[in-house]
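Reviewing the structure listed below.
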Amino acid sequence: MKKRVLQSIETPEGDRCVDIFVLDTGLFGFEIYRRDTEALTGWFATGGYADRTFETENATLKAARRYAPWLSK
């Protein structure tokens with residue numbers, strides 16, 4: 001399934017990120033990423049949440065906040 005990222009929300013430190021995306025099926029999802037700025041290896045998924053789907057973008061963001069509490073700050 002193809003996905004299109006709607007939001008990419010980074011921490012102020014730039015070391016963590018959550019992508020909110022929509023699939024070509026019309027369902028939504030999210031994934032949590034991190035990066036080590038010193039290593040210069042880029043972003044890598046840490047959550048394993050990309051297979052979970054939601055009916056709305058708001059429901060997706062609410063679920064992402066449970067696993068990435070820094071989103072609420």
Side-chain angles (χ1 to χ4, degrees):
M1 284 185 277
K2 287 188 172 188
K3 62 182 176 182
R4 181 173 48 95
V5 175
L6 302 173
Q7 296 184 62
S8 189
I9 309 162
E10 241 181 270
T11 61
E13 299 81 21
D15 62 342
R16 291 178 287 171
C17 175
V18 171
D19 281 357
I20 306 293
F21 56 84
V22 62
L23 299 167
D24 55 1
T25 61
L27 295 173
F28 297 83
F30 74 94
E31 184 56 272
I32 299 173
Y33 298 89
R34 72 177 286 243
R35 71 175 165 182
D36 296 322
T37 53
E38 311 82 34
L40 302 174
T41 56
W43 294 100
F44 55 94
T46 60
Y49 304 110
D51 291 336
R52 299 178 186 193
T53 58
F54 304 88
E55 295 290 323
T56 66
E57 186 176 353
N58 283 339
T60 306
L61 190 54
K62 183 177 178 180
R65 284 186 176 122
R66 283 185 290 208
Y67 300 101
W70 50 267
L71 282 174
S72 299
K73 295 179 181 179

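It should be emphasised that the depicted structure is a prediction, and the values quoted were computed from it without experimental measurement.
- Residue F44 holds its CZ atom at 4.0 Å from CZ of R34, rounded to the nearest 0.5 Å.
- Side-chain atoms of Q7 never come within 3.5 Å of backbone atoms of I20 as a donor-acceptor pair (strictly under, hydrogens ignored).
- Around atom CD of E55, no more than 12 heavy atoms belonging to other residues, nucleotides or ligands sit under 6.0 Å away.
- Shown are L23, L6, T53; of these, the side chain to side chain contact (heavy atoms under 4.5 Å, CB included) with F28 is made only by L6.
- Residue R65 holds its CZ atom at 7.0 Å from CD1 of I9, rounded to the nearest 0.5 Å.
- Contact between E10 and W70 at its shortest, heavy atoms only, is C-CZ3, 4.1 Å.
- Both L61 and F54 are members of a single hydrophobic cluster when ILVMFWY side chains are connected at heavy-atom separations under 4.5 Å.
- Between V18 and A68, the shortest heavy-atom distance links the atoms CG2-CB, 3.8 Å.
- Between F30 and Y49, the ring center distance clears the sub-6.0 Å criterion.
- Smallest separation of non-hydrogen atoms from D19 and C17: OD1-SG, 3.5 Å.
- The minimum heavy-atom distance between G42 and R35, with the atom names listed, is O-CB, 3.3 Å.
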